[in-house]
Amino acid sequence: MTVPSAGPDSPGTEADSIVLDAKGLRALAHPVRVQLVGLLRKYGPSTATRLAERLGVNSGTASYHLRQLGAAGFVEEDTERGNARERWWRSLHQMTELNDPELAEREPEAALAYLQSVAATYTLRTQRAVNELQTMPRTWRDTFDMSGWALRLTPEEAAALRQELRAVVDRYRRDTPEGLVKAPEGAERVAVITHLLPELDARAASAHPPAPQEATGTEMS
């Protein structure tokens, strides 16, 4: 999982990506910490006070979680911006990877808490985009898309689909400092969030194909 700027195998480079180990996974097993890392990656360096305002928590809470993230290697103090009164923080990476199935099995509670936090963060980002849709310029509003398809795949086919989707994303410019320098005029940040969700509870219905009018595959744009 790859969590850009915020959520399995990652396109990224060693410089802009961090692979979770047990310590990192436990450190991120809290929704506020996942959101703090995401905000620093999206908006750049900030203070605990400003981050707290965005999250709707008090600055003491934000400061505590930033220190925990710092101890785990996700963020660091931005000494060039800070002063005696206010500490600034910045993210050390642009992506987080959880790509070790054995780690998730060894740390099931931390893995579940982390994934639940990521899912909640993705939901908030989607809702924010929907809420802002009507005020977006028409050219950007026309790019907005939410699509869903129901497929029947083997585990091997699902894994291949995952890799193919990532290969497509890899062809496009990353939202990194380097990507910003190379971006043409008019380029803006775009979030691409993919979900590959096994729905094993649907097996019972497999022996009774739905009538044409009941087909479950949908596309919403």
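This one's a predicted model, so the numbers in the text were calculated from it and none came from an experiment. The analysis underlying the following values was restricted to heavy atoms, covering all of them including side chains, and did not include hydrogens, waters or symmetry mates.
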May I ask you to check if Arg50 and Tyr43 form a cation-pi contact, with NZ or CZ under 6.0 angstrom from the six-membered ring centre and within 45° of the axis? no
Salt-bridge contact Arg138-Asp142 (side-chain N to carboxylate O under 4.0 Å): yes
How close do [X] and [Y] get, counting heavy atoms only, and between which atoms?
X      : Y      : answer
Met136 : Arg141 : O-NH1, 2.8 Å
Trp140 : Gly186 : CZ2-O, 3.6 Å
Ala202 : Arg152 : O-NH2, 4.2 Å
Trp89  : Glu77  : CE3-N, 3.8 Å
Ala71  : Lys23  : O-NZ, 3.3 Å
Asn99  : Pro101 : O-CD, 3.5 Å

Exercise: do Arg125 and Thr121 side chains pair donor with acceptor under 3.5 Å: no
Hey, what do you get for [atom1] ([X]) to [atom2] ([Y]), rounding to the nearest 0.5 Å?
X      : Y      : atom1 : atom2 : value
Leu55  : Thr61  : CG    : OG1   : 10.0 Å
Arg54  : Lys42  : CZ    : NZ    : 8.0 Å
Thr194 : Arg162 : OG1   : CZ    : 9.5 Å
Leu92  : Glu76  : CG    : CD    : 4.5 Å
Leu98  : Leu103 : CG    : CG    : 6.0 Å
Asp78  : Arg90  : CG    : CZ    : 4.5 Å

Should Met95 and Val19 be regarded as members of a common hydrophobic cluster, given that ILVMFWY residues are connected when their side-chain heavy atoms come within less than 4.5 Å of each other, either directly or indirectly? no
Determine whether Val190 and Val169 fall in the same hydrophobic cluster, where Ile, Leu, Val, Met, Phe, Trp and Tyr are linked whenever their side-chain heavy atoms lie under 4.5 Å apart. yes
Quick one: which of Gln68, Glu109, Glu107 gives a side chain to side chain donor-acceptor pair (under 3.5 Å) with Arg26? Glu107
So [Y] and [X], do their side chains get closer than 4.5 Å, heavy atoms only?
X      : Y      : value
Val192 : Tyr172 : no
Asp100 : Arg106 : yes
Leu151 : Leu161 : yes
Arg67  : Arg87  : yes
Leu51  : Leu40  : yes
Glu53  : Ser46  : no
Leu112 : Gln116 : yes

Under 3.5 Å: donor-acceptor pair, side chain of [X], backbone of [Y]:
X      : Y      : answer
Arg174 : Gly179 : no
Arg41  : His93  : yes
Arg189 : Asp175 : no

